[in-house]
Structures are given as structure tokens and as C-alpha cells.
Amino acid sequence: MLELRKLRDDAEAVKAKLAIKNFKDLHLVDDVLKLDEQRRSAQLEVDNLKSESNQLAKQIGQLFKEGKREEADKIKVRTVELKGLVKEKEESMKTAETQMEAALVLLPNIPHESVPPGTSEEDNKVNKERGEKPVLGEGALPHWEILEKHHLMSLELGVKIAGAGFPVFTGDGARLQRALVAFFLDEANNAGYLEVIPPLLVNEQSAFGTGQLPDKEGQMYHVTNDDLYMIPTAEVPITNIYRGELLKEDQLPIKMCGHSQCFRREAGSYGAHVRGLNRVHQFEKVEIVQLVHPDKSYEVLNEMAAHVEGLIQKLGLTYRILTLCGGDVSFASALTYDFEVWSAAQERWLEVSSVSNFETFQTNRMKTRFKDENKKTQLVHSLNGSALALPRIIATLLENNQQADGSVTIPAVLVPYFGKDKIG
RNA sequence: GGAGAAAUGGCAGAGUGGUCGAAUGCAACAGUCUUGAAAACUGUCGUACCGCGAGGUACCGGGGGUUCGAAUCCCUCUUUCUCCGCCA
């Protein structure tokens, strides 16, 4: 949620920036300001009425004490009248406020100045590309066939037990996941992130806090009996740990990491690009989250990006880093770097991580603040990144590391976790 | 799931209809003293909204109600604790 102050300061500048995100409903900015004005003038009236009423109530108390009942009764007439007026005005104040919030919540975050214009992923800017694209020999297999061949995963079993897009990992397939998770968590711990095991279901407030509601409601599984949402990423519960908190400046930065299953409905996805592990409803991911001083957030964004890049390098994968363009950067994000790895059998890039700075967009919803050196209360900046999401990493490792004899070599950094150096 | 108790400022904890935005203690911050620290002493010390400002308004778990007036009375929801039941 954008800070109201920013709209008040310079509505036209906000509109111009939102246009970079291809946001169409720019009139909402004016709507918000108009409703805000209505709210403020209504509050002024309410406050004045209440002030009068409070004073009279005090007088009445005094008069009762002095035994002047009749005088008190005279004043009561006015307080009763005031009560009605307050109720009336309060209602119009609340209406204005509710409508204002409803409109404000529909505005996406303002993109950072470095976000390139553009309408789709075609327009994302490639910042860096590293590594050679492996050339596979005759008979090389896509990952879904390797998985089947070595009995690492079954989608059919998942269909039987749950439905399409819920893979069942078995044997070395399951073990490889465990190895990756342990490796990623150790790396995050070494980088100073506090490990957290959060709830996998969250309430409405938490889903709102990080921006999943109301914007992306259809993406989450909703447990209607208890009105809980299954998390699409550990970002949601972990960031919400600090919802409503007023921090001291020396508590910053707060660095947390966590591994979780992630659940995504992915409604509307289809086609060859979603085969195998390319897109599933349930997957594992290690997430890193930071809450930082506003002056530091872009520095931290780069630090987090470097952490993610290090993981990919240690796994020996070919990768590139993109800055998402205005049309592709998410609703809540100000600046996002995507990390893609080269899938040698599919011969295409697969997104394995997204690192974003949300500035105050999430923390304004969550009211996560700190007191600065001048004892002023300010919103902190929130950031997060995948470090990393497993399915496409597994897909790429299997494809790129497959050998002529059909076995798959395991990257050296994973061997201590996996317990052996190859599959098959 | 059943029975009972409770929810007040960063923490602990008073407050049962007006003088309460709320005692007191601890913590924190500033100062005095000290070579330095501790102790002691003095002062400051919740959040949000409105207002140029003086100041006003709201908030004692959430919502609603009674009253001229509610932390205090009533209803309701939520959460926590204790006991019982079930259980990885």
C-alpha cells in the first residue's frame, strides 16, 4: 500500500511512475486524494463536536457534585443533541476512510527509477549472463524423463493422491531435495540469516500484509472452514512476524530465512512449458527476508542478489540476471531481479529466483516501523528473495549434468549433503 | 472437545462510573556526581489522526451496547493460562 503522504506531496509524479508499470486506473490517485480530504474535514467536525461534548460532560459531573441537579439537566439537553450529530458525522468519516483505503489498496507500488519501461517479459533487461550453455550429447533427456528413469519422482502418483501438479518424490529424488534445502539453509545461516520454521497456513491479515490479498487471491489455496490461506511462499509468514511492531533502529537489519513447502494454484497455466517440474502446485523453497533501514534497502537488495548468485555459481549452473521491466515487475515490488538458469535439454531459461525490494509497500500495510535517531517513527523497508526454489534447480541439474551412460553427477557442494556423487 | 480464570503502556503491575492517557516499580534516554563505571540524585519517557500553531480527538485484547460521562457496567467474539479428555 502506497503511503498517503506520497500522493499528497506530488500526485502527478506518482501517476507518471505508475504509468511505467502500465497501470491504467490512474484516476484512483485523484479519488484517493478527494476521499482523504472528505475524511479530514469530517474528522475535524467530529473532533470539535466531541470536544464540546467532553467539556459539557465534565461540567455536569462538577454540577452533580455541587448538588446543582437542575443546571446539570439543562446542559444534558445539549449533550444529547451533540451525541446525535457525532454519530452522523462519524459515519460519513468512516465511509470516506473505508472508500479511501479501498482505492489506495488498488494502487501498485511505485517502480524504482532503474526499472525499464516495457509491457512483457520480452522487455526485461539482461544485466549479466554467466557460464557456458552445455551442449548435450545424442539421446540426452529432458528432466521429466530422467526423473522417471531413475524413479526420482512421479506425477501420476500425485494425481492419484491429490491431483495434477502435486509431485511425489521418491528415493534419490527425495534425498536430493533434502540435500538442496540443507545446503541452501546452511548458506543463508552463514550469511547471517536467522532460520525460521513458520506456519504454512496464514490468516487474512498476514496475506494482506505482504500483498497477496486482495491482489492475488486466486493464486492461493483457501481453507474456507477456518478461513486460512496456504502460503504461496515463506515470505508471507516470515515477513509478517514483524507485523505491527515498532522497532528500535539498532534492531535493523533483521535477516531471516526459512524453508517451506509453497502452494500455488497456478490457475490458467497449460502447455509444454509446464511439463515436469517447470510448474507445479506444491514445491519447496528456501526464502530469505530482510527488514532494513530505508537508506540501506538498495544496498541490501544487491547484497541479497549476490547471495543468490553465489548459490547458483556453487551449483555450477549457467545463469543470467534480469531487471524486470515495468510490465513484469510485481504489484508490490519497486525493483525486482530475476535469476534464470539455462536448461540444456529444454534449451530455455528457467526462473529460479526473484529478489525484490518492496520499500514501504508491505510495511505500510503491516505497520512495521522503527524509531530513527531523531525519535521519529518511520516505516522500514522490506525485501525478499528465493534462495532458492527447488523444482527448476532440480530440473536443470538433472538435464545439464546427465552423462552418456545415463547417470547424473551431483555438484561437489551437494555431495556432503547427498551422500554420494551421482545418481544411477 | 468440557470446566474455570484472565487480557491495562517496552516489561511487571495498580486502578470497579467523572478529578484516568492511566499510580508505582523495572527497563530506556538525558544530566549531576566520578579518572571511568556502578550506585545515588534530577529530569524525560506510548501510539495514531486532525491542526501553521496553541491545541483537539481516539486508543486500557477486537466489535457492539448502557450512560450526560466507561479501563471500570452489559452483550459478543478472539486469544492466553489452569484442570479434564483426546493425541504425533
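Letters A, B, ... are given to chains in the order of the sequence lines, protein chains preceding strands, and every chain is numbered from 1. Values below: all heavy atoms of this structure, side chains included; hydrogens, waters and symmetry mates excluded.
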Secondary structure of RNA chain B per the Watson-Crick/G-U criterion (both distances under 3.5 Å; [ ] crossing, | other strand, . unpaired) is ((((((((.[[[..)..(.....]]].(((((.......))))).(((((....))))).[[[[[..)....]]]]])))))))....
ring-ring contact (aromatic ring centres under 6.0 Å, His included) pairs, two or more places apart, involving residues 358-385 of chain A: A:His293-A:Phe370, A:Phe331-A:Phe361
In whole Å, measure the gap between the C1' atoms of B:G15 and B:C84 for me. 35 Å
Reading nucleotides 53-72 of chain B 5' to 3', which nucleotides get B (base under 4.0 Å from a protein heavy atom), which S (sugar-phosphate only), which -? ---BSS--------BBS---
Tell me which donor-acceptor pairs under 3.5 Å the side chains of residues 94-106 of chain A have, and how far apart each pair is, sequence neighbours excluded?
unit_1, atom_1, unit_2, atom_2, d
A:Thr95, OG1, A:Glu91, O, 2.8
A:Thr98, OG1, A:Lys94, O, 2.7

Tell me: CG of A:Leu247 to P of B:G10, nearest whole Å? 13 Å
Rounded C1' spacing from B:A58 to B:G63 in Å: 16 Å
Listed pairs under 3.5 Å, donor-acceptor, residues 175-194 of chain A side chains, sequence neighbours left out:
unit_1, atom_1, unit_2, atom_2, d
A:Arg175, NE, A:Phe418, O, 2.5
A:Arg175, NH2, A:Phe418, O, 3.3
A:Asp186, OD2, A:Tyr417, OH, 2.6
A:Glu187, OE1, A:Lys314, NZ, 2.7
A:Asn189, ND2, A:Tyr193, O, 3.2
A:Asn190, ND2, A:Asp186, O, 3.3
A:Tyr193, OH, A:Gln290, NE2, 3.0

For the pair A:Thr170 and A:Ser154, evaluate side chain to side chain contact (heavy atoms under 4.5 Å, CB included) and give the outcome as yes or no after the intermediate values. CA-CA 8 Å; A:Thr170 50; A:Ser154 168; over 6 Å; no
Please report the distance separating the C1' of B:A23 from the corresponding atom of B:C81, rounded so that it comes out in whole Å. 26 Å
Look at all strands and tell whether A:Arg69 reaches a base, only sugar-phosphate, or nothing, counting heavy atoms closer than 4.0 Å. nothing
Nearest-Å distance once atom C1' is located in both B:U35 and B:C52: 50 Å
Gap between atoms CD and C1', on A:Glu249 and B:A28 respectively (whole Å): 16 Å
5'-most contact on RNA chain B: A:Asp36 or A:Lys248, nearest heavy atom basis? A:Lys248
Kindly give the heavy-atom pair with the smallest separation between A:Leu397 and A:Val408, and that separation in Å. O-CG1, 4.0 Å
So, OP1 or OP2 of B:C50: does either fall under 4.0 Å of a side-chain N or O from A:Ser41? no
Exercise: do A:Thr336 and A:Ser356 side chains pair donor with acceptor under 3.5 Å: yes
When the distance from CD of A:Glu3 to C1' of B:C49 is rounded to whole Å, what number comes out? 16 Å
Atom CG of A:Asn203 and atom P of B:U79: how far apart are they, to the nearest Å? 11 Å
Determine the Euclidean distance between corresponding C1' atoms of B:G65 and B:A70; express it in Å to zero decimal places. 11 Å
Please list, chain by chain and in numerical order, all residues satisfying side-chain hydrogen bond (donor to acceptor under 3.5 Å, both in side chains) with A:Ser354, sequence neighbours excluded. A:Asp338
Positions of residues 362-370 of chain A (non-hydrogen atom under 4.0 Å from RNA chain B), listed by number: A:Arg369
Pairs meeting criterion ring-ring contact (aromatic ring centres under 6.0 Å, His included) with involvement of residues 223-248 of chain A, two or more places apart: A:His222-A:Tyr229
How long is the line joining CG of A:Asp227 and P of B:U78, in whole Å? 13 Å
Parallel, tilted or perpendicular: ring planes of A:Tyr221 versus A:Phe166, cut at 30 and 60 degrees: tilted
Can you pull out every ring-ring contact (aromatic ring centres under 6.0 Å, His included) where at least one residue sits in residues 56-110 of chain A? Sequence neighbours excluded, please. none
Qualifying residues under side-chain hydrogen bond (donor to acceptor under 3.5 Å, both in side chains), relative to A:Lys367, sequence neighbours excluded: A:Asn364
Students often get this wrong, so: under 4.0 angstrom with heavy atoms, is A:Leu246 touching a base, only sugar-phosphate, or nothing? sugar-phosphate
Hey, is the side chain of A:Arg39 poking within less than 4.0 Å of OP1 or OP2 on B:C49, counting only N and O atoms? no
Contact list for residues 103-116 of chain A, test salt bridge (Lys or Arg N to Asp or Glu O under 4.0 Å), sequence neighbours left out: none
Which pairs, with at least one residue in residues 69-113 of chain A and sequence neighbours excluded, count as a ring-ring contact (aromatic ring centres under 6.0 Å, His included)? A:His112-A:Tyr298
Please report, rounded to the nearest Å, how far the C1' atom of B:C49 is from the CD atom of A:Glu90. 13 Å
Roughly how many Å apart are B:G46 and B:C20, using the C1' atom of each and rounding to a whole number? 15 Å
Mind checking the P distance from B:C75 to B:C41? Whole angstroms is fine. 47 Å
Whole-angstrom distance between B:A71 and B:U19, as gauged at atom C1': 16 Å
